[in-house]
Structures are given as structure tokens and as C-alpha cells.
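These numbers come from the heavy atoms of this one structure, side chains and all, not from hydrogens, waters or symmetry mates. Model, not experiment: these values are computed from the prediction. Indexing begins at 1, ligand by ligand and atom by atom, following the structure's order.
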Amino acid sequence: MEKILNYIDGELRAPATDNWLDVMEPATATAYGQLSDSGVEDLELAVAAAGAAFPAWSQTPAEERGRMLRRLAQKIEAMSEPLALAESIDTGKPIAVTRKVDIPRAARNLHFFADAASQFASESHHMEAGAINYTLRMPLGVVACISPWNLPLYLLTWKIAPALAAGNCVIAKPSEITPVTAWLFSRLCQEAGLPPGVLNIIHGKGPGIGQAIVEHPAINAISFTGGSATGASIARTAAPEFKKLSLELGGKNPSIVFADADWESMMNGVVRAGYSNQGQICLCGSRVLVEASIYEKFRDEFVARVATLKIGDPLNEETEQGAIVSLPHRDKILDCIEQARQAGGNILTGGGASKPEADRCSEGWFVEPTVIDGLAADSACNQDEIFGPVVSLIPFADEEQALAIANGTRYGLAASVWSSDVSRCHRLAEQLQAGLIWVNTWMLRDLRTPMGGLKSSGVGREGGMEAMRFFTEPRNVCIKYR
Ligand code: NAD
């Protein structure tokens, strides 16, 4: 069985304790690898290596840091097929998606921040009294990047690329549930000649090594993506130490459908928003708010389309719905559906575990794409993040009610509005409590724009120059010349 090692000080190393965790393939429910279950000894080595690498890396010209990131992007591109296969096995995600989305976008993150390294600039302010202020943007030192299981290589690169571009050294902790692409990436870092200690990837459990990383006094900032409860716990630990924090957390995002929307593109978009990666994307639209005048027509066609989504072996090119990432998560999703049923919800399609045709997958963790209606906007199913292939339909009478329902959760990550009334779209964009608002589209991302949520969906913004700013500290210098 393959052993997934830590990447510390440029070397691949087994954990000091020799403790290992099984890595499971969700589609077959079998273990296919063993993961380092790291401890504080491994962390100390990584922190020391990062600290030792920092002076040289932070002094390396930005163009050279950019060139290194570009080399890493090119390594990913050259290895895209094995990486896509590894990610599909690791996550249960259809290979068509890992090939077209996850792996190319991971390379794009590195290309983007390779350019950003040389474009990052600071400000200067002239004072009439005869002084100039300029702002130095200094790298923070050793920073941590903690990422979740749903887009493993994409979110790892999304965090480490701006941190490295800005001149920091990184301790990265990928999810213990889907560690394989980070492991392959650490080998690419070796091949690319990334200086030892600049990036260290430590594997293991969140409450164990993850918590130790957050507590470590030499780690100055934490960029975290994951669940809201974990984010709150990290904030409690880090706040008294005044560590810089960026928290990208959960969502319960509305797709808001008006009667005047372009029917075909709206229908395609809302289905995709609901069920991509089996609903396991933080930006998925899990509440679909539909104008009452078209409710029945929408419901019938939406249910018909969802019922024909092809569930199958993630390694089959035709598969549209793969496996759920873990057994506990599969069971959590099924529990949420059961609670919705008991609360009086109508299960319009799906509602249970599924067995795809492929023999290989007969024991795998699959859930039928599910559509529910008949639940109040404040029911648990419409309030709590399920993070699975479960969409709830809610009719609304007018724009005011749509807005009240859309904003009526503790989350504020994303929303999509489907309408051909331009003024209405702008009005809603201004009033929706969400960090990302799409109009007549979903998941279209320009990496220059800030990414992140409001309320329990997090604090801080990633993406573009926001991310570069997060990974630096501003120091103002005021020079009196008259
Ligand atoms: P999670 O919070 O369980 O774990 C995320 C990461 O944190 C993992 O690497 C885990 O090992 C680590 N971790 C867990 N406990 C920790 C602790 N006490 N200290 C330090 N690290 C710890 O999340 P998950 O289940 O892996 O991911 C799913 C969640 O992520 C969903 O809620 C989803 O909405 C969210 N998410 C948000 C975004 C976003 O950009 N807002 C993107 C993707 C996923």
C-alpha cells in the first residue's frame, strides 16, 4: 500500500511517531494508501525548516519567485492526467470534472500568482506639509495554509500560491480525507527545485496536527478553508495570540429564479449549481427560490432533469454523479434527508443511498441526487449546510420575499440570481448578504476578484491582490522633507 509522506525541508519523510491513517477510496470503500499521522515533532522540524528558509526566500526577487510558481504550474500541467485520476480515486469526484476543472484550475492558480508576484505594488501618499508616506508590504514569515477535502489540489494551490508569491514560507496541511494530490504535488516541488523549507506539507488529523499548527507560536498567520464550526474553533485559538486569520467557511447558498429568466440557461445553471461534485462545493446552490407563478413548471422540469443525472463509477468518463467523500459524510447526508422527511418535506426524487452499476463500486458511498419541497424557509433543511446532493425548492411571491428568504440564514457565502430584468439584478446584488453574487451564471470566477463570505461564511477575502495583501503586513514610512 502506498505511503503518503510529509514534505519537510525539501525531503519526503515518514512521521516521527510512525503512526499511520488509512486513506479510503469512496467509490469502493476500500483503503488504498496509508497517510502520515503527524505529531508535534514533525511540526517542529517543518517550522524550523520554514524559519531557516525565510530570509533567503523573502529576499529572492519577486520575478524569480514568480518563475518558480510558474515551473510548479507547468509540472502540474505535464502531470495533469495522473493527477486527475488520483483526485478522482481520492475524492469520488467524476473524472470528467477533475480533468476539466480541478487540475487545470490548480495550475491556473499558480500561473495567476506567478504574475501577481511581479505586479504587487504598494502605495505612496504625498502630504502638502512636505512629507511623503510610503507603505512597505513585508511578508509575514512562516504562515499556515489549512485546506479541506472537496477541492484538494485546487484549494491547496489557491492558498500556498499567494503566500509564496508574497515571500512567505508555508506549512500546509491538506485534509486527511483526501491527501493524495498534495502528496503528488510535494514530489513536483522537489522536481521543480523549490528551495528546501519554503513549502512544507504536513499530513494528519485536524484536531491533532491541525490544532498544533494553529497553536504554534512561530506561525504568524492562518489561511483556513473548511467548515464554520472548525473555523470558529481556530478563531478561538488564534485570536488571543493576535494571529492574522483568513477564514473561508460554509454556505447555504440561494439560487433565485424569476419568471423572466432565460429558461434553458437558467435550468442548466441551477442543476449544475445544485449537484456539481455531488453538492460538495461550498458555492453550491442548495436552496432554490422560485417565483410562484412558474413554480410548478420549474419543479417538474428540475426534478425530471435531476432524476436523469448519471450516477456511476467516478473513473467512467460518462459519470455525472460520483461518490460521497466518506462514510460518515454519506451517513450525515442521509440523516439530513430523513430529518427533512420527518419535518414534512416531500422527497420529489432521490432520497436514499444509491448503488451504481459498476461492480467495482457496489460497496461505495453514493447518494441519489435528491430534490425536496414543502419545507418552511426556517426548517433545518433550509438553514443548515448539508454539503451533499440535496436541493430544497422554496416558492416566493415577490422580490422582497425572495430577498428575505435568501438572507434569512446565518451564512452569507454566495448567491445566484436568474432574471432578464437588469435593474432587478443590480437591486438584488446590492441587498443580498453574500460575498459572491452571480447573475445568470454560476461558478464563473475571475481570479482577480475577492473571494469569501459574510456572517458565518467567514472573514477575510482571498483571490487576487486581496490574497497578496493578506500575506503581507503593511508598514508605513513617513519622511519629512521640508
Ligand atoms: P473541516 O473544517 O472538517 O476541515 C478542513 C481542514 O481543517 C482539514 O484539513 C482538517 O483536517 C482541518 N482541521 C479540522 N479541525 C481542525 C482544528 N481544530 N484545527 C486546525 N485544523 C483543523 O472541513 P471539511 O469537512 O474538510 O470541508 C468541508 C467544509 O469546507 C464545508 O463546510 C464547506 O462549505 C467548506 N468549504 C468552504 C470553502 C470556501 O471557500 N468558503 C471552500 C471549500 C469548502
Side-chain angles (χ1 to χ4, degrees), residues 21 23 26 35-38 43 90-91 93 102 105 109 144-160 171-179 181-182 201-216 219 222-238 243 245-253 276-286 324-326 328-330 332-333 336 384-388 409-414 434-436 443 445 447 449-463 466-467:
L21 303 166
V23 188
L35 177 71
S36 301
D37 185 12
S38 309
L43 177 59
D90 206 25
T91 59
K93 191 180 296 189
D102 296 63
R105 283 196 180 197
N109 287 340
C145 296
I146 303 178
S147 47
W149 48 256
N150 61 335
L151 297 151
L153 189 61
Y154 173 78
L155 286 172
L156 176 83
T157 50
W158 178 240
K159 291 181 173 301
I160 64 167
I171 311 291
K173 200 209 85 64
S175 169
E176 62 273 35
I177 300 172
T178 56
T181 45
I201 303 179
I202 306 195
H203 296 279
K205 289 183 190 158
I209 192 64
Q211 179 73 19
I213 290 172
V214 175
E215 287 172 5
H216 200 289
I219 293 178
I222 296 145
S223 168
F224 169 80
T225 298
S228 296
T230 316
S233 146
I234 288 176
R236 277 194 296 274
T237 307
K243 294 186 185 218
L245 274 183
S246 167
L247 302 173
E248 297 297 336
L249 310 176
K252 190 72 189 175
N253 313 304
S276 289
N277 192 24
Q278 299 76 255
Q280 302 167 118
I281 300 179
C282 54
L283 305 170
C284 276
S286 54
I324 300 299
V325 76
S326 69
H329 192 52
R330 198 274 316 254
K332 177 205 146 174
I333 295 168
C336 290
D384 300 335
E385 186 185 50
I386 297 173
F387 218 55
T409 74
R410 70 190 179 103
Y411 294 106
L413 186 55
L436 293 158
M443 253 322 227
R445 286 276 300 129
L447 299 187
T449 61
M451 144 96 207
L454 313 178
K455 305 196 280 188
S456 294
S457 293
V459 289
R461 290 291 179 279
E462 299 187 350
E466 300 279 347

Backbone N or O of Q211 within a donor-acceptor pair of the K173 side chain at under 3.5 Å?
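Between the backbone of Q211 and the side chain of K173 there is no qualifying donor-acceptor contact (under 3.5 Å).
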
Side-chain donor or acceptor of K159 paired with backbone N/O of A144 under 3.5 Å
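Side chain of K159 to backbone of A144: no pair is present.
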
Which atom names give the shortest non-hydrogen contact between [X] and [Y], and what distance separates them?
X: A235; Y: L247; result: CB-CD1, 4.1 Å
X: G452; Y: E248; result: CA-OE1, 3.0 Å
X: S223; Y: E462; result: OG-OE2, 2.9 Å
X: L283; Y: M443; result: CD1-SD, 3.7 Å

If you measure from each heavy atom of [X] to ligand 1, is any distance below 4.0 Å?
X: G231; value: no
X: G458; value: no
X: G453; value: no
X: Q280; value: no

Is it the side chain, the backbone, both or neither of [X] that has a heavy atom closer than 4.0 Å to ligand 1?
X: V214; answer: side chain
X: N150; answer: side chain
X: H329; answer: neither
X: E462; answer: neither
X: S228; answer: neither
X: S147; answer: backbone
X: L413; answer: side chain
X: I234; answer: side chain

side-chain contact (heavy atoms from CB on, under 4.5 Å) partner of F224, the single match among I213, T230, L245:
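Per the side-chain contact (heavy atoms from CB on, under 4.5 Å) rule, the option paired with F224 is T230, out of I213, T230, L245.
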
Can you tell me which residue among S286, C284, S457 is in a side-chain contact (heavy atoms from CB on, under 4.5 Å) with K252?
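The passing option is S286.
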
Would you indicate which of W158, F224, F387 comes nearest to atom 28 (C) of ligand 1 when only heavy atoms are counted?
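It is F387 whose heavy atom sits nearest to atom 28 (C) of ligand 1.
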
Hey, looking at atom 30 (O) of ligand 1, which of G251, G226, C284 has the closest heavy atom?
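Residue with the shortest heavy-atom distance to the ligand atom: G226.
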
Is there a side-chain contact between [X] and [Y] in this structure, where contact means two heavy atoms from C-beta onward sitting under 4.5 Å apart?
X: K205; Y: E176; value: yes
X: L249; Y: Y411; value: no
X: I324; Y: I333; value: yes
X: Y154; Y: N109; value: yes
X: D90; Y: W149; value: no

[atom]: nearest protein contact (heavy atom, Å):
atom: atom 40 (O) of ligand 1; value: M451 CE, 3.2 Å
atom: atom 38 (C) of ligand 1; value: C282 SG, 3.0 Å
atom: atom 13 (N) of ligand 1; value: G206 CA, 3.3 Å
atom: atom 37 (C) of ligand 1; value: L249 O, 3.1 Å
atom: atom 10 (C) of ligand 1; value: E176 OE1, 3.7 Å
atom: atom 21 (N) of ligand 1; value: G210 CA, 3.6 Å
atom: atom 3 (O) of ligand 1; value: T230 OG1, 3.9 Å
atom: atom 24 (P) of ligand 1; value: W149 NE1, 3.3 Å

Ligand 1 to [X] polar contact by distance, N or O atoms, under 3.5 Å:
X: L155; answer: no
X: G227; answer: yes
X: S457; answer: no
X: T225; answer: no

Any atoms of ligand 1 less than 4.0 Å from a non-hydrogen atom of Q211? List them with their elements.
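Those atoms are 17 (C), 18 (N), 19 (N), 20 (C).
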
Please test D102 against L151 for side-chain contact (heavy atoms from CB on, under 4.5 Å), starting from the C-alpha separation and ending with a verdict.
CA-CA 7 Å; D102 296 63; L151 297 151; 3.4 Å; yes

Does the protein put a heavy atom less than 4.0 Å from atom 32 (O) of ligand 1?
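It does: a protein heavy atom is found less than 4.0 Å away from atom 32 (O) of ligand 1.
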
Holding to side chain to side chain donor-acceptor pair (under 3.5 Å), I want the full list of residues that pass it with S147, two or more places apart in sequence or in another chain.
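For S147, no residue satisfies side chain to side chain donor-acceptor pair (under 3.5 Å) once neighbours in sequence are set aside.
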
